[in-house]
Amino acid sequence: MSETWGIAELAAEFGVTTRTIRFYEDKDLIAPERRGQRRVYHLRDKVRLQLIMRGKRLGFSLDEIRAMVDLYDADPTEVSQLRLFLDKLRERKGLLTIQREDIDQVLKEIAAREAQCERLLSEKQTGAKRASN
DNA sequence: CTTCTTACA
DNA sequence: TGTAAGCA
């Protein structure tokens with residue numbers, strides 16, 4: 001009764017290439033069953049893939065994702081992984097917040113230099129007109 | 001034709 | 001990760 005999928009099916013479902021899925025396996029994020037040389041994916045593998053994709057969207061590294069996904073497999077209560085996930089989310093939010101502040105600061109300086117350049121340019125242009133007349 | 005491994009970019 | 005080669 002347990003439905004299984006081939007690598008091509010999952011790749012299509014998750015919008016990635018088969019190369020990507022094998023890559024994640026090579027990084028120990030997933031470990032599909034093997035029937036001979038062929039890989040056979042079960043529901044647990046799809047769930048892990050789902051978690052991997054989510055982690056990727058949030059900007060986590062494959063190492064961080066592996067740590068979180070592994071806990072999902074270990075502790076059934078899901079408490080430890082939720083705590084780790086929460087920690088990672090806050091850490092991620094903190095980094096993004098700092099980066100946004102840095103970007104805002106640079107944009108602010110750019111605006112200032114932009115205005116200065118325009119002012120200087122207009123002064124030189126009007127000055128040139130007076131000189132030619 | 002699809003999958004797998006391995007190697008290189 | 002993409003691409004490509006050589007197998008099964």
Side-chain angles (χ1 to χ4, degrees):
Chain A
M1 290 268 262
S2 51
E3 187 175 7
T4 60
W5 299 267
I7 192 171
E9 292 179 299
L10 287 189
E13 284 187 46
F14 288 97
V16 298
T17 63
T18 57
R19 174 74 176 84
T20 300
I21 294 181
R22 295 195 189 95
F23 180 75
Y24 292 155
E25 178 181 343
D26 189 54
K27 297 302 178 184
D28 294 315
L29 276 76
I30 51 180
E33 178 199 330
R34 286 281 189 160
R35 287 182 186 171
Q37 283 290 291
R38 311 303 192 177
R39 293 175 171 76
V40 177
Y41 299 83
H42 292 254
L43 183 59
R44 63 168 179 284
D45 298 311
K46 274 191 71 175
V47 172
R48 291 171 77 89
L49 247 333
Q50 189 66 259
L51 294 176
I52 293 170
M53 301 311 285
R54 187 184 65 182
K56 198 174 69 170
R57 282 199 303 278
L58 293 173
F60 293 124
S61 68
L62 292 185
D63 284 329
E64 295 176 310
I65 293 175
R66 186 188 321 110
M68 296 188 278
V69 174
D70 281 347
L71 289 180
Y72 187 91
D73 213 68
D75 178 15
T77 73
E78 222 168 274
V79 173
S80 53
Q81 53 266 56
L82 285 176
R83 285 177 175 160
L84 176 60
F85 188 42
L86 187 57
D87 279 353
K88 288 298 181 182
L89 285 176
R90 289 171 174 163
E91 180 184 306
R92 184 70 181 142
K93 179 164 65 176
L95 176 60
L96 288 173
T97 299
I98 290 177
Q99 295 181 319
R100 179 170 60 189
E101 291 170 347
D102 289 343
I103 290 176
D104 286 340
Q105 194 179 333
V106 175
L107 284 175
K108 191 174 180 180
E109 185 168 342
I110 286 178
R113 299 308 163 200
E114 185 179 15
Q116 183 179 47
C117 285
E118 291 177 326
R119 177 155 36 74
L120 259 40
L121 192 56
S122 63
E123 285 176 5
K124 291 178 183 298
Q125 291 179 322
T126 56
K129 280 185 178 178
R130 265 197 297 284
S132 62
N133 289 341

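Residue numbers start from 1 in every chain, and the chains themselves are labelled A, B, ... in the order their sequence lines are given, proteins ahead of strands. The figures here come from the full heavy-atom set of this structure, side chains too, leaving out hydrogens, waters and symmetry mates.
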Fill in: Complementary nucleotide for dA8(C) - Watson-Crick or wobble, under 3.5 Å
dT2(B)
Practice prompt. Please state how far atom CZ in F23(A) lies from atom P in dT3(B), giving the value in whole angstrom units.
Written response: 20 Å
Worksheet item: Atom CZ of R38(A) and atom P of dC1(B): how far apart are they, to the nearest Å?
Response: 15 Å
Discussion item. Looking at dT3(B), I'd like to know if its phosphate oxygens (OP1 or OP2) sit under 4.0 Å from a side-chain N or O belonging to T18(A).
Written reply: no
Practice prompt. Assign R35(A) to base, sugar-phosphate, or nothing according to its heavy-atom contacts below 4.0 angstrom with the strands shown.
Written response: nothing
Discussion item. Let me check something: do I65(A) and L95(A) share a hydrophobic cluster, defined by ILVMFWY side-chain heavy atoms less than 4.5 Å apart, either directly or through other members?
Written reply: no
Worksheet entry | Distance in angstrom units between E33(A) CD and dC4(B) C1', rounded | 16 Å
Item to complete: Could you pick out which residue, I7(A) or R19(A), lies toward the 5' side of DNA chain B when each is mapped onto its nearest nucleotide?
Response: I7(A)
Worksheet item: Does F85(A) have R54(A) sitting over its ring (NZ/CZ under 6.0 Å from centre, angle to axis within 45°)?
Response: yes
Item to complete: Check the distance between dC4(B)'s C1' and D26(A)'s CG and give it to me in whole angstrom.
Response: 13 Å
Item to complete: Give the rounded distance in Å between these two atoms: CZ of R22(A) and P of dT6(B).
Response: 12 Å
Item to complete: May I ask you to verify if any side-chain N or O of R39(A) is less than 4.0 angstrom from the OP1 or OP2 atom of dC4(B)?
Response: yes
Item to complete: Verify the distance criterion only: is there a donor paired with an acceptor across the side chains of T77(A) and D75(A) at less than 3.5 Å?
Response: yes
Worksheet, complete the sentence: In whole angstroms, the gap separating C1' of dT3(B) from CD of E25(A) amounts to 12 Å
Practice prompt. Specify the separation, in whole Å, of atom CD of E9(A) and atom C1' of dT3(B).
Written response: 13 Å
Worksheet item: In whole angstroms, how far is the C1' atom of dT3(B) from the CG atom of L10(A)?
Response: 14 Å
Fill in: Stepwise salt bridge (Lys or Arg N to Asp or Glu O under 4.0 Å) test for R48(A) and D45(A)
CA-CA 5 Å; R48(A) 291 171 77 89; D45(A) 298 311; 5.4 Å; no
Practice prompt. Measure from the side chain of R34(A), starting at C-beta and using heavy atoms only, and say which of dT1(C), dT5(B), dT3(B) lies closest.
Written response: dT5(B)
Worksheet entry | Shortest non-hydrogen contact between R35(A) and T4(A), atoms and distance | NH2-CG2, 4.4 Å
